[in-house]
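Just follow the structure's listing: the first ligand is 1, and inside any ligand the first atom is 1.
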Amino acid sequence: MLSKAIVRPPDSRFAEGLTTSGLGEPILEKALEQHARYCEALEGCGLSLTRLDPDPRHPDGTFVEDDAVLTPGCAILTRPGAESRRGEVAAIREALARFYRSLRAIEAPGTVDGGDICEADGHFFIGISERTNGPGAEQLASFLEKEGFTSSLVDIRTLQGILHLKSGIACLGDRRLVLIDALARRQEFRGYEAVRVESAEEYAANCVRVNDRVLLAAGFPVLEKSLVRMGYKVITLEMSEFRKMDGGLSCLSLRF
Ligand code: CIR
């Protein structure tokens, strides 16, 4: 069971963060409102939240998931692939130090974004992307191994339209993965049951199982219906302003 999460609301300079979406400028007020609903949803799933202050030095700082990879016994601070995001990690380290005795950190020349790391029933898929490189993946794999976890690499550098591995995959537990088509075809995910996301709904693949609920971006009825049909309790959340900044549901929190 997950019991805690770390979140950080978007800052006044949110619109200055990195993006490739071409969806226009996010509206801060709306983003704050959507973030508040997201936090309520996490609390509704039974999590108690640590809310970090927004930080104008880090316009992408609301995407806290990229700053750490968590296991029950150890928190691994990342070294984000985008240089502009590296300073985000200090506040996350401080917050995690209250809960974890064992903290590790990815070091140069390694880079890792938490959004590239997908845990699936005790195995960690590590995406190699524009943000997560080979040395970073190697360091992470060795930390995970010491914690008793297996891991494997998934190279997504040739896939169009996904920033991070988790932009196209989510684990629902019980060896069941939500997958966009380009990933569903990959042999790395054989042995898992695939819930396929149709191409018009790819953004929704980044959903999050939190205890007995699944958080899903609002506006993707086909995936929502299939999850409900499978028996999941689905909470839909408006994500329009975060999507404009290439962000999905999972990246707005670190859950543990
Ligand atoms: C970035 O480009 O780094 C941010 N604007 C969005 C990060 C989203 N993170 C994620 O999907 N894990």
Short list, please: which atoms of ligand 1 are under 4.0 Å from a heavy atom of [X]?
X: Cys251; result: 8 (C), 9 (N), 10 (C), 11 (O), 12 (N)
X: Leu18; result: 2 (O), 4 (C), 5 (N)
X: Asp246; result: 6 (C), 8 (C)
X: Asp66; result: 7 (C), 8 (C), 9 (N), 10 (C), 12 (N)

Exercise. Does Gly248 reach ligand 1 with a nitrogen or oxygen that is under 3.5 Å from one of the ligand's nitrogen or oxygen atoms?
Worked result: no

For this session: For ligand 1, find out whether one of its N or O atoms is nearer than 3.5 Å to an N or O atom of Asp113.
Result: no

For this session: Could you tell me whether ligand 1 has any atom less than 4.0 Å away from a heavy atom of His164?
Result: yes

Problem set entry | Glu65, portion touching ligand 1 at heavy-atom distance under 4.0 Å | side chain

Can you see whether [X] engages [Y] through a side-chain donor-acceptor pair at a distance of less than 3.5 angstrom?
X: Ser250; Y: Asn206; result: yes
X: Arg93; Y: Tyr100; result: no
X: Ser151; Y: His123; result: no
X: Ser240; Y: Gln34; result: yes
X: Ser129; Y: Asp116; result: yes

Distance from [atom] to nearest protein heavy atom, with residue and atom:
atom: atom 2 (O) of ligand 1; result: Arg131 NH2, 2.9 Å
atom: atom 6 (C) of ligand 1; result: Met245 O, 3.3 Å
atom: atom 4 (C) of ligand 1; result: Asp60 OD1, 3.3 Å

Problem set entry | Stacked cation flag Arg243 on Tyr203, 6.0 angstrom / 45 deg | yes

Exercise. Salt-bridged, Glu43 to Arg51, with N to O below 4.0 Å?
Worked result: yes

